[in-house]
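Reading through the structure tokens given below for one structure.
Position 1 is the first residue of the sequence; numbering continues from there. It should be emphasised that the depicted structure is a prediction, and the values quoted were computed from it without experimental measurement.
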Amino acid sequence: MTKKVHLVIKGEQSGFGEKDTSEIVTTADYFQKGGKHYLFYSEYTEEGIIWKNRLTIADDHVELKKTGPGTSLLLFREGHSEKCFYQSPAGPMELVSDTRKIRLHREEDILKLTLMYSLYMNGMLMSDYHLIVKAESL
């Protein structure tokens, strides 16, 4: 059964001595199937571009698929490196995610995910990330 949730995604990106924070606050469609949690939500850029997102959360891995002007697929598995594809404004990029932490906390009406990872391109560190995703029933 699909239900509407209040979704907050807080992120901290650091690299090259700088830190940047971001926050997305929106509603999402949520359902659980086969031990996985699914969140479907839209993201709007400053340029007016709409990205449709599917966040799939399992105990041992997370997947973020973004569709819009292109397709991005980011994969995270704790303690592993995963090949990812990211659609940037400059074009598609092949990246590698190195995931240090995936923690899923589930209560009756709240789902909270903590995700810590780094992204590499051509073997070079691009950035470190710390995301907290919180979905709460409306």
Any chance you could measure [X], atom [atom1], to [Y], atom [atom2], to the nearest 0.5 Å?
X    : Y    : atom1 : atom2 : value
S42  : W51  : OG    : CH2   : 12.0 Å
Y86  : T71  : OH    : OG1   : 12.5 Å
M121 : L119 : CE    : CG    : 10.5 Å
Y117 : C84  : OH    : SG    : 9.0 Å
H130 : K10  : NE2   : NZ    : 11.0 Å
N53  : Y41  : CG    : OH    : 4.0 Å

Any chance the side chains of [X] and [Y] put a donor and an acceptor closer than 3.5 Å?
X   : Y   : result
K4  : T27 : no
E82 : S97 : no
H61 : E63 : no
D29 : T2  : no

Side chain to side chain, [X] and [Y], heavy atoms closer than 4.5 Å:
X    : Y    : value
E107 : D109 : no
I132 : I9   : no
L104 : D59  : yes
V25  : H6   : yes
E23  : V8   : yes

Under a 4.0 Å N-O cut-off, is there an ion pair linking [X] with [Y]?
X   : Y    : result
E12 : K19  : yes
E43 : K66  : yes
E78 : R103 : yes
K83 : E94  : yes

According to a hydrophobic-cluster definition based on side-chain heavy atoms being under 4.5 Å apart (Ile, Leu, Val, Met, Phe, Trp, Tyr only), do [X] and [Y] belong together?
X    : Y    : value
Y129 : L73  : no
V62  : I24  : yes
F85  : F76  : no
L64  : M126 : yes

Closest contact, heavy atoms only, [X] versus [Y]:
X    : Y   : value
Y38  : R54 : CD2-CD, 4.4 Å
R106 : Y30 : NH2-OH, 3.4 Å
A135 : L7  : CB-CD1, 4.2 Å
I102 : D60 : CD1-O, 3.9 Å

Self-check item: Worked check of side-chain contact (heavy atoms from CB on, under 4.5 Å) between T99 and L115
Solution: CA-CA 8 Å; T99 306; L115 183 61; 4.0 Å; yes

Quiz item: Above 12 or not: heavy atoms from other molecules or residues under 6.0 Å from NZ of K3?
Solution: yes

Quiz item: When you look at CD of E18, are more than 12 heavy atoms from neighbouring residues, nucleotides or ligands closer to it than 6.0 Å?
Solution: no

Practice problem: Walk me through it: do K134 and I110 pass the test side-chain contact (heavy atoms from CB on, under 4.5 Å)? | Solution: CA-CA 7 Å; K134 186 176 178 183; I110 298 174; 4.1 Å; yes

Self-check item: Donor-acceptor under 3.5 Å (S88 side chain, P92 main chain)
Solution: no

Quiz item: Under the side chain to side chain donor-acceptor pair (under 3.5 Å) criterion, do S118 and D98 qualify, and how do the steps go?
Solution: CA-CA 5 Å; S118 299; D98 182 24; 5.3 Å; no

Practice problem: Report the C-alpha distance between L39 and V5 in whole Å, list the side-chain angles of each, state the deciding distance to 0.1 Å, and finish with yes or no for side-chain contact (heavy atoms from CB on, under 4.5 Å). | Solution: CA-CA 9 Å; L39 290 161; V5 295; 3.8 Å; yes

Practice problem: Could you walk me through whether L131 and T114 pass the side-chain contact (heavy atoms from CB on, under 4.5 Å) test, one step at a time? | Solution: CA-CA 6 Å; L131 293 179; T114 301; over 6 Å; no

